[in-house]
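In what follows, every chain begins at residue 1, and chains take the letters A, B, ... in the order their sequences are listed.
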Number of protein chains: 2
Amino acid sequence: MDRSGRRPRTDSVRNRELLLQAAAAVFSAGGPEASLEAVARRAGVGIGTLYRHFPTREALFEAVYRREVEQLSDLAEQLRTEAAPVEALRSWLRSNVAFVATKKGMAAALALAVNKKSDLTAYSYDRLTRAVASLLDRAVAAGEIRADISPEDLLRALVGMSYLHDQPGWQESVLRLVDVLVDGLRRPPGPGRS
Amino acid sequence: MDRSGRRPRTDSVRNRELLLQAAAAVFSAGGPEASLEAVARRAGVGIGTLYRHFPTREALFEAVYRREVEQLSDLAEQLRTEAAPVEALRSWLRSNVAFVATKKGMAAALALAVNKKSDLTAYSYDRLTRAVASLLDRAVAAGEIRADISPEDLLRALVGMSYLHDQPGWQESVLRLVDVLVDGLRRPPGPGRS
DNA sequence: TATGATACGGAGGGCCCCTCCGTTTTTCAA
DNA sequence: TTGAAAAACGGAGGGGCCCTCCGTATCATA
């Protein structure tokens with residue numbers, strides 16, 4: 001704690017910055033070598049220094065992401081005054097997708113093993129894709145829903161929406177989202193954006 | 001390999017089954033104690049036996065999940081002949097949500113640290129939720145989209161949809177799904193299911 | 001410059017991953 | 001029934017990572 005009026009030590013400030021940069025680099029690369037010890041090595045500081053600055057894995061993650069999150073927050077503010085309501089919403093959602101794109105490697109690195117699923121999904125997704133495809137194709141053939149969404153896309157959207165929820169009652173919200181998604185599928189590809 | 005006509009050893013068959021049951025139990029519980037060594041301990045076999053039956057973490061995961069995946073696949077076949085097209089699709093999607101509910105603990109366990117995000121999301125989601133809420137509220141106020149979807153739900157849906165994609169070109173499919181989602185939001189809460 | 005406050009580094013205990021190989025169990029033929 | 005070959009078992013052990021602890025080094029102030 002720096003309750004006193006003392007200035008923070010310069011080496012402390014410098015090391016904190018070094019650690020943040022190293023963490024961004026190491027985590028973005030992802031993979032198994034994304035350990036906290038690797039971050040410390042890359043920053044050129046001892047492991048103890050890393051833990052003093054960021055007591056938990058999550059603390060480090062949060063510090064690195066904070067700036068980017070604020071960027072997205074600012075973008076929303078900007079869009080709110082510069083675009084029509086629905087288009088502003090759509091535009092922000094789209095920016096968020098791009099944001100996740102550049103940073104998902106980092107998220108995977110934090111999960112330590114998330115990106116190892118390529119072999120797993122081979123069987124599971126193939127099987128489930130066939131299942132959903134059989135339903136999707138029939139609905140499309142009946143002319144009741146749009147035809148430009150693939151079963152893979154739909155499946156991933158579904159699993160993804162379920163995947164991140166943790167609160168009690170999350171199932172209700174996912175079911176509501178499923179209804180929205182289906183409503184969206186119902187109309188033919190409308191006058192899209194831009 | 002058992003290229004010969006020899007019967008498989010009974011202890012081998014028994015241990016394989018013990019391991020599958022132990023893995024389901026340990027992984028469902030999730031948490032940090034979901035190590036492969038814990039699975040072996042619970043099954044009452046040596047760690048070497050586990051690795052002989054399931055050389056990789058993914059092999060064990062796949063074996064446990066195979067039955068449940070096939071169950072979902074069968075359900076689709078059944079629905080295909082017993083319900084109207086769109087309702088069959090919706091119904092299957094909903095069953096899938098329930099399926100993920102019971103098994104997400106296992107998925108988290110395999111990722112080793114995925115469930116540690118509760119503290120992380122506190123800040124990040126709060127910030128991003130405010131951002132999306134500002135846009136959502138305005139669109140709702142303008143009467144252009146339905147009002148029963150919370151910003152939290154929308155955000156999680158979005159992140160989730162992005163989260164599971166790995167193939168090149170995944171961004172396009174996510175963007176397409178975002179369009180579907182928005183189209184779905186556009187109409188007022190229609191004549192929902194059941 | 002002296003000194004107390006602050007930060008640094010890395011050794012070390014614990015847990016886990018995965019491999020390797022001596023030991024035990026099982027199958028099958030005689 | 002018996003015994004030898006085949007198959008499977010178990011766990012020690014090397015390596016890596018997590019995180020803590022504390023003696024040492026550095027910095028801010030007087």
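- Remark: C1' of D:dC17 and CZ of A:R57 are 9 Å apart, rounded to the nearest angstrom.
- In terms of heavy-atom proximity, A:G184 sits nearest to A:R146 at O-CD, 3.8 Å.
- For B:Y51 and D:dG14, the OH to P distance is 18 Å, given to the nearest whole Å.
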Should B:R176 and A:D148 be marked as a salt bridge (Lys or Arg N to Asp or Glu O under 4.0 Å) after you check the CA-CA gap, both sets of side-chain angles, and the distance that decides it?
-> CA-CA 9 Å; B:R176 213 156 45 232; A:D148 60 338; 5.3 Å; no
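- Residue A:L36 holds its CG atom at 6.0 Å from CG of A:L50, rounded to the nearest 0.5 Å.
- The phosphate of D:dA8 has neither OP1 nor OP2 within less than 4.0 Å of any side-chain N or O from B:H53.
- In this structure, B:L36 places its CG atom 17 Å from P of C:dC15, rounding to the nearest Å.
- Spacing between atom CZ of A:R16 and atom P of C:dC8 amounts to 11 Å, rounded to whole angstrom units.
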With 3.5 Å as the limit, what N/O pairs link the protein to nucleotides 10-13 of chain D?
{"from": "D:dG10", "atom 1": "OP2", "to": "B:G46", "atom 2": "N", "distance (Å)": "2.9"}
{"from": "D:dG10", "atom 1": "OP2", "to": "B:T49", "atom 2": "OG1", "distance (Å)": "2.8"}
{"from": "D:dG11", "atom 1": "N7", "to": "B:G48", "atom 2": "N", "distance (Å)": "3.4"}
{"from": "D:dG11", "atom 1": "O6", "to": "B:G48", "atom 2": "N", "distance (Å)": "3.4"}

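- Atom CZ of A:R41 and atom P of C:dC8 are 18 Å apart (whole Å).
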When you check every protein heavy atom under 4.0 Å of nucleotides 23-30 of chain C, what one-letter string (B, S, -) results, 5' to 3'?
-> --BSBS--
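- Taking atom CZ on B:F54 and atom C1' on C:dC18, their separation rounds to 16 Å, with Å as the unit.
- Here the P atom of nucleotide D:dC19 and the CG atom of A:L60 are 12 Å apart, to the nearest Å.
- Proximity of B:S12 to B:H53: side-chain heavy atoms (C-beta onward) are separated by under 4.5 Å at one or more points.
- Linking Ile, Leu, Val, Met, Phe, Trp and Tyr residues whenever their side-chain heavy atoms come within less than 4.5 Å leaves B:L20 and B:L18 in two separate clusters.
- Each of A:S12 and B:P55 was assigned the nucleotide of DNA chain C with the nearest heavy atom; the assignment lying further toward the 5' end belongs to A:S12.
- In this structure, A:Q21 CD and A:E17 CD are separated by 4.5 Å, a value rounded to the nearest 0.5 Å.
- Put simply, B:V45 and B:L60 are part of the same group of oily side chains (I, L, V, M, F, W, Y) that touch within less than 4.5 Å, one to the next.
- The OG1 atom of B:T49 sits 9.0 Å away from atom CG of B:D11, with the distance rounded to the nearest 0.5 Å.
- Contact record, A:A157 with A:L181: CB-CD2, 4.4 Å, taken as the closest heavy-atom pair.
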